[in-house]
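Each remark here refers to the structure printed beneath this line.
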Amino acid sequence: MKDSYLGVDIGSISTKGVIIDDDNNIITSSYIWTEGNPIKAVRKLIDILKKDLPNNYQIKGIGTTGSARKLIGLLLKANIVKNEITAHAVGTLTFYPNVRTILEIGGQDSKIILIKNGIITNYAMNTLCAAGTGSFLSSQAKRLGLDVSEFGAYALKSKNPVKIAARCTVFAESDLVHKAQVGYPIEDIVAGLCKSIVLNYLNNVGKGKKIESPIIFQGGVSKNVGVIKYFKEILGEDIIVDENGHLMGAIGIAVLARKNKIGKTYSLELSNIAFDTKAIECGRCPNNCELLKIYRNNELVDSWGSKCGKY
Amino acid sequence: MHKISFPLMGDYNVPIEFLLKHAFKEEIIMPPPITSKTIELGTKYSPEFVCTPFKYTLGTMLEAIEKGADTLIQMGGGCRYGYYGEVQDQILKDLGYNVTLINLVTKGKVDIRRIVKELKETGIKYSKLKAIYYGFIAIKMVKYMDIIDDYIRENIGFEVKDGSFETLKFKMLNDFRQVKSYLELKKLYRYYLKEIQNVPIRKPDKCLKIGIIGELYTVMEPFSNYFLEKELSQNQIEIKRFTNVHYLLFEKKHKIKKYLKYSKKYIKYQMGADAADNIARTKYLCEAGYDGIIHIKSSFCTPEIGAMPIINKIASEYETPVLFFSFDANTSETGIKTRLEAFYDMLEMRKEK
């Protein structure tokens, strides 16, 4: 039997899973939509991964990352649960030890990670606005009647991208509507949108940060060739986009799971595990904490949200 | 009989209550501890873009009025804090409450004559002699509390038995409330200092050290910074914090000149509130070999917004990472946790190499 490690990255929009071996080779991977239900998505993801995993491998470590990392960590009994910033950095450094800057744009968050000599020196994450993220792109694509996946190709056709206010989603949208109503061709609008994402990212997330090459661009939006083009144009540097860029978080957490393994062998059989959550309002003091109780096989495993520590 | 109350901040309600209880011959109403309801109330009746401490203090005032208070005390400072009293007074009047608001600081100064006149007008009975004597004890109490807090902050992450520091401190504050004379307070302080220094700790030689700087209210009121210090201490981190009430009242006046000289490469004059202090502290923390700096402020805090780019510049010169937080009434707690976790992951990775 050979050892392998599972990394799961549960984001707002998509859920990514990857199984790696001791030499960081990807044995199998999967990318599915979260659709607002991380537990269901992970059950589906594990089923897919299980089917593709050769019989001579056993799982020796499980790690979870992404916004639902804690919940899924309890479901899978993961040996490591880490934030997505660390996971992305570790994943990228495994394949690109010389990288200096990681640009990442995901479904609802975007981040920048600066690295020097293989150590993170600084990072930033978007705080207030979603103007530069994937969900904005997909909602605009829907409004224009396009598929997000063909968005990038459309943008490349344009020779003259329109100018779009990049400050805020709402203003960007009214700008877009205006440009469409006065008759600009659709590829110019799409290109303008891609450009505005880059500008917004650099203004908000990359503000005050020194972006040095080699630069890697990843996250769901890195599949959009239009955005890549404008990053190259505006930064004046070459941008590396890995074909597994969208999986980097999952790979990173799988690597961390290997480094922190505890010698246990895990099973990927989830169908016989009952996993429920129950939300209640405490009401014992004016804080009125929203408590979330988590049951695994009808046994209380954790409860979150308490300010006083009573639960 | 008047019912006097005041806004809360950290544990400083203990000395303030102590002083008021002894100096005034009136009833003192303690506002309930700050909860989500406090900030909800405060936000509801505050201008939206006012800094968050305004909302917290207005919230505690409203809760104190609910408990029956009719006289409120407010302070002032060197930024928008200087107008809190007047604006809150107007808001409370507009809401139809018949309360007197006594502002200790007007036009940036403590004018004793004006305060005495105001007290006379409202008919609040007090004793001058007692106010002076118990005022002195209250000041000493603040000083002792701050010294003990500094020690706790450095060591709480490493306690062998969870909660030993907190229980001791709770006991200490309870004893401080009952103090009758200065000598008694001093004896209690010596006793508790010894007790606290004897709490068993397991501190590694190379632990992570983080300095916390930023806007004063958010730094000092744990509820408003989402219990940041507690969160950090659970990860075996030594915490250094400069701002406390003793510093603001007595040390700031003469330290600020030293601070300006120390960081003259970066600033020439004061920028209001604690901006200049925080810039000097950043330089100090970088030079003293701290692993990281966390800068916290309430949203819309103008002096700190001005200080942030300078802090960023100093930190990048010394290659010390800084994490900036801006807290508002409805900040997402998960977002704070993710960033914090990434921050100490990063510091640990740097330390290992």
Side-chain angles (χ1 to χ4, degrees), chain A residues 11-12 65-71 80-90 93 102 104 108-109 111-128 207-210 249 252-253 256 259-260 281-290 292 304-309, chain B residues 31-41 59-60 63 66 162-163 166 222-223 226-227 230 234 292-293 299 308-313 315-316 318-328 330-353:
Chain A
S12 54
T65 186
S67 39
R69 59 183 180 278
K70 248 174 100 185
L71 183 74
I80 188 158
V81 175
K82 269 261 182 269
N83 61 81
E84 49 272 35
I85 299 171
T86 312
H88 268 280
V90 170
L93 281 169
I102 302 174
E104 208 259 7
Q108 275 179 8
D109 65 358
K111 39 193 167 291
I112 182 168
I113 305 171
L114 304 181
I115 293 171
K116 202 173 172 185
N117 303 326
I119 314 167
I120 311 175
T121 55
N122 212 341
Y123 69 87
M125 220 168 148
N126 63 332
T127 44
L128 292 172
K207 184 176 60 187
K209 305 263 179 304
K210 213 169 172 194
I253 199 68
L256 286 170
K259 283 185 184 159
N260 292 284
E281 260 183 44
C282 170
R284 290 199 185 182
C285 80
N287 266 334
N288 237 341
C289 298
E290 275 176 49
L292 188 70
W304 303 335
S306 155
K307 280 199 171 75
C308 62
Chain B
I34 295 183
T35 59
S36 315
K37 191 188 156 205
T38 317
I39 183 66
E40 246 171 59
L41 267 177
T60 48
E63 281 185 318
E66 247 171 58
D162 273 353
E166 269 185 14
F223 194 93
Y226 296 80
F227 301 97
K230 211 170 174 181
Q234 279 162 3
I293 299 169
S299 300
M308 275 162 68
I310 310 178
I311 290 174
N312 230 339
K313 187 184 169 204
S316 58
Y318 287 91
E319 293 194 344
T320 306
V322 200
L323 181 62
F324 292 102
F325 276 124
S326 198
F327 297 114
D328 196 4
N330 36 21
T331 308
S332 133
E333 242 178 299
T334 0
I336 300 169
K337 283 211 171 123
T338 304
R339 284 173 184 78
L340 262 184
E341 210 190 293
F343 192 64
Y344 43 68
D345 276 351
M346 169 171 93
L347 298 187
E348 226 146 54
M349 271 161 108
R350 284 166 66 106
K351 195 119 194 164
E352 275 166 22
K353 293 247 171 158

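These values consider heavy atoms only, across backbone and side chains, with no hydrogens, waters or symmetry-generated copies.
Looking at B:L323, the atoms closer than 4.5 Å to chain A (heavy atoms on both sides) all sit in the side chain, from C-beta outward. Neither the backbone nor the side chain of B:E40 has a heavy atom closer than 4.5 Å to any heavy atom of chain A. Residue B:F324: no heavy atom, backbone or side chain, is found under 4.5 Å from chain A. A:K82 touches chain B through backbone and side chain together, each having a heavy atom under 4.5 Å away.
Taking the side chain as every heavy atom from C-beta outward, A:R69 and B:T338 approach each other to under 4.5 Å. At a threshold of 4.5 Å between non-hydrogen side-chain atoms, the residues A:N83 and B:R339 do not count as touching.
Heavy-atom contacts from other residues, nucleotides or ligands closer than 6.0 Å to NZ of A:K116 number 12 or fewer. In A:E290, the CD atom is not crowded: 12 or fewer heavy atoms of neighbouring residues, nucleotides or ligands sit closer than 6.0 Å.
Options B:R350, B:K37, B:E341 differ in how many heavy-atom pairs under 4.5 Å they form with chain A, and the most are formed by B:E341.
Taking each heavy atom of A:V90 and B:M349 in turn, the nearest pair found is CG2-CE, 4.4 Å.
Applying side chain to side chain contact (heavy atoms under 4.5 Å, CB included) to B:D345 and the options A:I120, A:L256, A:T86, A:I85 leaves one that passes, A:T86.
Here the CD atom belonging to B:E319 is positioned 10.5 Å from the CG atom belonging to A:N122, to the nearest 0.5 angstrom.
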